[in-house]
Each structure stands twice: as C-alpha cells, then as structure tokens.
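One structure is given here, and the rest of the page talks about it.
The figures here come from the full heavy-atom set of this structure, side chains too, leaving out hydrogens, waters and symmetry mates.
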Amino acid sequence: MAQVTLKNLDKSYGSTQILHGINLEIKDGEFAVLVGPSGCGKSTTLRIVAGLEEASGGDVYIGDTRVNDVEPKNRDIAMVFQNYALYPHMNVYENMAFGLRLRKYSDQDIKERVEEAAEILSVEDYLYRRPKELSGGQRQRVAVGRAIVRKPSVFLFDEPLSNLDAKLRVQMRTEIKKLHARLKTTMIYVTHDQVEAMTMGDRIVVMKDGYIMQAEEPLKIYQRPQNHFVGSFIGSPAMNFFDVEVQGKKLVNKKFELPIIDVHPENLTKFDGKKIHLGIRPEHFKMLDAPDSIKASLEVSELMGNESYLYCTTGENTFIARVPDNAPREIGTPLSLYAEPGDYQFFDAESGERIE
C-alpha cells in the first residue's frame with residue numbers, strides 16, 4: 001500500500017492547458033474518487049499517475065518515491081479500464097495470469113493468485129471461458145481480477161462501470177467497495193457520475209476545467225459545497241439556486257421574500273443591498289402554506305415510487321422539490337413550498353464562492 005501525492009501538477013497539449021497546478025494527497029489505503037464533467041481533467045490526472053501520460057510540470061509521488069520518470073510497469077500500480085481491455089483469444093484464467101507470466105512468476109504462484117482473485121470476485125465458474133462468452137458484468141469482474149492478482153500498492157479505475165446497465169452498475173459499485181474493505185489498498189477511481197462518487201468514495205475530489213473545486217468526505221461536500229459549481233454538480237436532483245437581494249433581515253426576489261434568521265453568519269450583512277445566490281436542496285422543501293413559503297406553479301411532476309419530483313417555476317427561477325408521493329400531478333397547479341431558514345445556503349453572485 002502507498003500514499004499518492006500530486007504536487008503542482010500541470011498538463012498541456014500545445015497551447016491548451018488541461019491541468020492547472022493540481023495539489024492532492026491521497027492517503028495510504030484511502031478510496032478517493034475524482035469526479036466532474038467531461039473535459040475536467042480527471043482521466044488525464046489518473047493517466048499521469050499511471051505513467052500513461054507525461055506531466056508538463058509538477059511531481060507525482062507514490063509513497064516516498066518520485067515517479068515522473070519511472071516506467072508504468074515499475075510504479076507498482078494496476079489499472080482497470082472502461083472497455084475491460086481483455087484479450088479475446090485468451091480464456092479468463094489466461095487473461096488474469098498474463099501480467100504475472102510477464103513478470104516471471106512461477107506457475108504455482110500464478111495458480112494461487114488467480115484462484116484467490118476468482119474466489120473474491122465470484123468468477124471461479126468462468127475461468128476457462130473466453131471474454132465473448134461472458135456478460136458485461138462478468139467481463140468487468142475479470143478486468144478487476146487481473147488487477148487484483150498483481151497485489152499492487154495502488155489501484156486505478158478509469159470509469160470502469162460506464163459500459164454496464166443501471167442494475168449492474170449498482171451491483172458492481174457495491175462489489176468494488178467491498179473489495180476495498182477487504183484489500184485495504186489505496187484506490188483512485190474516476191467517474192462522471194456523482195451518485196457513484198457519493199456512494200463509493202472515502203473522499204471525493206470534484207474537478208472542473210483542470211482545477212480542484214473541493215476535496216472532502218462525501219457528506220461534507222453534500223452539506224457544505226464550497227462554491228456554486230459543487231452545489232450544482234453534487235446531488236441528485238441538484239441544489240436549487242435563486243437570485244435574491246439582501247435587504248436588512250430579508251432576502252428579496254421578484255416573487256418572494258424570505259427571512260434571514262440568527263442561525264446565519266453575520267457576514268451576510270456586508271452583502272446588504274447586493275445580489276447573492278440562495279441555495280436550497282430539493283429534499284428540504286415541504287408542501288406548506290406559510291408566510292415564508294415560495295409560491296410557484298407546477299410544470300412537471302415525476303412519480304419516483306415513494307416520492308415525487310416537482311419541477312416548479314416562480315418568476316424567472318425554475319426549481320425542483322423532492323416531496324412525498326401524494327403530491328399534485330396536474331400541470332399549472334399553484335404550490336406553496338417551504339424550506340426551513342436553517343437549510344438555506346448562500347453563494348457570492350460574482351465569484352460563486354460559498355458565503356460562510
């Protein structure tokens with residue numbers, strides 16, 4: 001096992017800069033998830049750690065060793081790819097054993113390691129089948145097994161579940177999390193799916209445009225996003241944002257007024273007379289006709305089983321409320337939606353940064 005440290009990591013392709021001074025420390029045995037939209041630099045970061053891409057600047061350390069100039073095969077890492085990357089002419093056993101044979105392991109060591117990995121991943125019955133005879137989920141297990149047999153210091157996962165259907169993705173993310181609990185090896189996992197990030201990671205690293213926006217435990221990121229982008233990206237449905245103006249002890253919108261109560265920090269007063277963004281999570285809304293409710297009109301209602309997503313509009317703002325399943329269905333229904341002032345979150349309208 002080993003700690004992975006990135007120091008001032010830059011990456012450019014010609015005049016286009018992909019990574020901007022990334023600084024990140026992933027602890028020994030930690031499961032870290034890099035998440036963000038396409039083009040944010042997460043896969044490039046992973047490939048630089050693996051040695052498949054060369055950094056334009058900065059340093060990569062695995063343990064205490066600077067590995068910028070170390071060949072991928074000598075970095076003591078194992079990588080699992082999105083497309084499985086299995087050899088079609090080899091059976092499962094041969095695919096899992098291939099890397100060990102290249103490293104001159106004995107036949108007995110190879111047999112023990114492959115059988116151990118096959119048992120962990122429940123693919124013992126498929127060892128002598130070829131990849132074309134396996135389902136997508138089974139192929140992904142084999143790809144993970146091929147990494148396990150190496151017993152590396154660091155596992156790298158590059159969107160490994162994106163080719164699977166929804167049910168298999170849920171099953172496989174549980175399997176990978178159980179695998180981490182069993183092996184206790186450092187894992188770095190890349191995904192664009194924030195649900196995967198929230199459910200799997202010990203720590204989430206949210207990226208945008210080659211910068212780290214926030215790196216913390218999933219619950220902290222969910223409850224206290226550091227900027228507008230993180231609030232809008234993490235959460236399903238995402239956080240709602242309203243344009244409001246601070247006027248003394250009130251938040252004023254063209255369609256509603258809400259109170260600022262004592263639980264909120266005094267530094268909101270420096271925004272008096274200025275516009276800010278008010279953030280409210282969809283699940284914090286209640287269908288309640290109170291003086292401080294937001295009056296809205298129902299545009300779409302989605303029944304999700306035990307709850308409903310209400311897509312609402314009030315003036316120039318559209319937002320989502322996540323409420324129990326006895327919600328109205330008819331388009332155009334007038335609604336009163338209330339959120340406790342203690343659930344309000346505030347963001348600077350210009351910088352997008354959280355107002356603490």
Side-chain angles (χ1 to χ4, degrees), residues 194 198 219-356:
Q194 55 90 20
M198 286 291 294
L219 195 57
K220 287 184 179 178
I221 282 188
Y222 187 80
Q223 293 177 336
R224 297 180 65 80
Q226 285 303 302
N227 52 59
H228 189 290
F229 173 77
V230 176
S232 65
F233 191 81
I234 298 296
S236 181
M239 180 181 284
N240 299 296
F241 293 94
F242 300 89
D243 299 319
V244 296
E245 184 176 299
V246 180
Q247 294 183 8
K249 292 292 184 180
K250 295 187 296 184
L251 300 170
V252 179
N253 177 281
K254 291 180 180 179
K255 292 292 183 178
F256 58 80
E257 292 186 3
L258 302 174
I260 301 174
I261 63 171
D262 293 340
V263 295
H264 294 310
E266 291 183 0
N267 66 356
L268 257 190
T269 58
K270 70 182 181 183
F271 288 90
D272 198 11
K274 297 180 181 179
K275 291 185 178 179
I276 63 170
H277 291 156
L278 165 66
I280 303 176
R281 290 282 182 195
E283 64 270 23
H284 290 153
F285 280 114
K286 303 172 186 174
M287 295 184 62
L288 180 64
D289 191 8
D292 302 331
S293 295
I294 295 176
K295 309 299 181 184
S297 176
L298 180 63
E299 289 193 326
V300 176
S301 175
E302 291 183 345
L303 179 62
M304 307 299 290
N306 65 336
E307 60 186 9
S308 293
Y309 294 171
L310 306 183
Y311 293 78
C312 310
T313 181
T314 177
E316 298 174 354
N317 290 114
T318 58
F319 65 100
I320 303 174
R322 188 174 174 177
V323 299
D325 63 353
N326 57 350
R329 298 272 176 269
E330 189 173 344
I331 294 173
T333 300
L335 301 172
S336 291
L337 293 157
Y338 174 79
E340 295 285 350
D343 291 324
Y344 299 169
Q345 301 194 49
F346 304 106
F347 301 86
D348 189 302
E350 293 183 3
S351 68
E353 292 300 307
R354 182 183 187 85
I355 300 171
E356 293 290 359

Practice problem: Not counting sequence neighbours, which residues clear side-chain hydrogen bond (donor to acceptor under 3.5 Å, both in side chains) with Asn253? List them please. | Solution: Asn317

Exercise. Give the minimum heavy-atom separation between Val246 and Leu268, together with the two atoms involved.
Key: CG1-O, 4.1 Å

Quiz item: Can you tell me how far NZ of Lys250 sits from CD of Glu257, rounded to the nearest 0.5 angstrom?
Solution: 4.0 Å

Practice problem: Take Leu219 and Met198 through the side chain to side chain contact (heavy atoms under 4.5 Å, CB included) test and state the conclusion after the steps. | Solution: CA-CA 8 Å; Leu219 195 57; Met198 286 291 294; 5.7 Å; no

Quiz item: Where do Ile276 and Phe347 come nearest, in terms of heavy atoms and distance?
Solution: CB-O, 3.6 Å

Practice problem: Could you walk me through whether Arg354 and Asn227 pass side chain to side chain contact (heavy atoms under 4.5 Å, CB included), step by step? | Solution: CA-CA 5 Å; Arg354 182 183 187 85; Asn227 52 59; over 6 Å; no

Taking distance alone, no hydrogens or angles, what donor-acceptor pairs closer than 3.5 Å link side-chain atoms of residues 296-303 to residues at least two apart or in another chain?
unit_1: Ser301; atom_1: OG; unit_2: Pro328; atom_2: O; d: 3.4
unit_1: Ser301; atom_1: OG; unit_2: Arg329; atom_2: NH1; d: 3.0
unit_1: Glu302; atom_1: OE1; unit_2: Tyr311; atom_2: OH; d: 3.2

Quiz item: Is the backbone N or O of Glu353 less than 3.5 Å from a side-chain atom of Ser351, with the two atoms forming a donor-acceptor pair by type?
Solution: yes

Quiz item: For the residue pair Asn240 and Arg281, what are the closest heavy atoms and their distance?
Solution: ND2-C, 4.2 Å

Quiz item: Do the non-hydrogen side-chain atoms of Ile294 and Lys255 ever get within less than 4.5 Å of each other?
Solution: no

Self-check item: Pairwise distance NZ(Lys275) to CG(Asp243) - rounded to 0.5 angstrom
Solution: 7.0 Å

Quiz item: Does the side chain of Lys295 come under 3.5 Å of the side chain of Ser336 through a donor N or O and an acceptor N or O?
Solution: yes

Self-check item: Closest heavy-atom pair and its distance - His284, Ile280
Solution: CB-CG2, 4.1 Å

Self-check item: Interatomic spacing from CZ in Phe256 to CG in Leu278 - rounded to 0.5 Å
Solution: 6.5 Å

Quiz item: Can you say whether the rings of Phe229 and Phe233 are parallel (under 30°), tilted (30 to 60°) or perpendicular (over 60°)?
Solution: parallel

Exercise. Report the C-alpha separation of Glu340 and Lys286 in whole Å, then their side-chain angles, then the decisive distance to 0.1 Å, and conclude whether the side chain to side chain contact (heavy atoms under 4.5 Å, CB included) test is met.
Key: CA-CA 9 Å; Glu340 295 285 350; Lys286 303 172 186 174; 3.6 Å; yes

Self-check item: Minimal non-hydrogen separation, Tyr338 against Ala290, with atom names
Solution: CD1-CB, 4.2 Å

Quiz item: Quick check: does any side chain N or O of Glu245 sit under 3.5 Å from a backbone N or O of Val252, one acting as donor and the other as acceptor?
Solution: no

Self-check item: Distance in Å, Phe285 CZ paired with Ser293 OG, rounded so as to fall on 0.5 Å steps
Solution: 9.5 Å

Quiz item: When rounded to the nearest 0.5 angstrom, what distance separates CG in Asp325 from CE in Met304?
Solution: 12.0 Å

Exercise. Determine yes or no for a side-chain-to-main-chain donor-acceptor pair under 3.5 angstrom, with Arg224 supplying the side chain and Glu356 the backbone.
Key: no

Practice problem: Give the minimum heavy-atom separation between Pro225 and Met239, together with the two atoms involved. | Solution: CG-CE, 3.9 Å

Practice problem: Supply the atom-to-atom distance Leu337 CG to Ile320 CD1, rounded to the nearest 0.5 angstrom. | Solution: 12.0 Å

Quiz prompt | Parallel, tilted or perpendicular, as decided by the 30° and 60° cut-offs, for the rings of Phe241 and His228 | solution = parallel

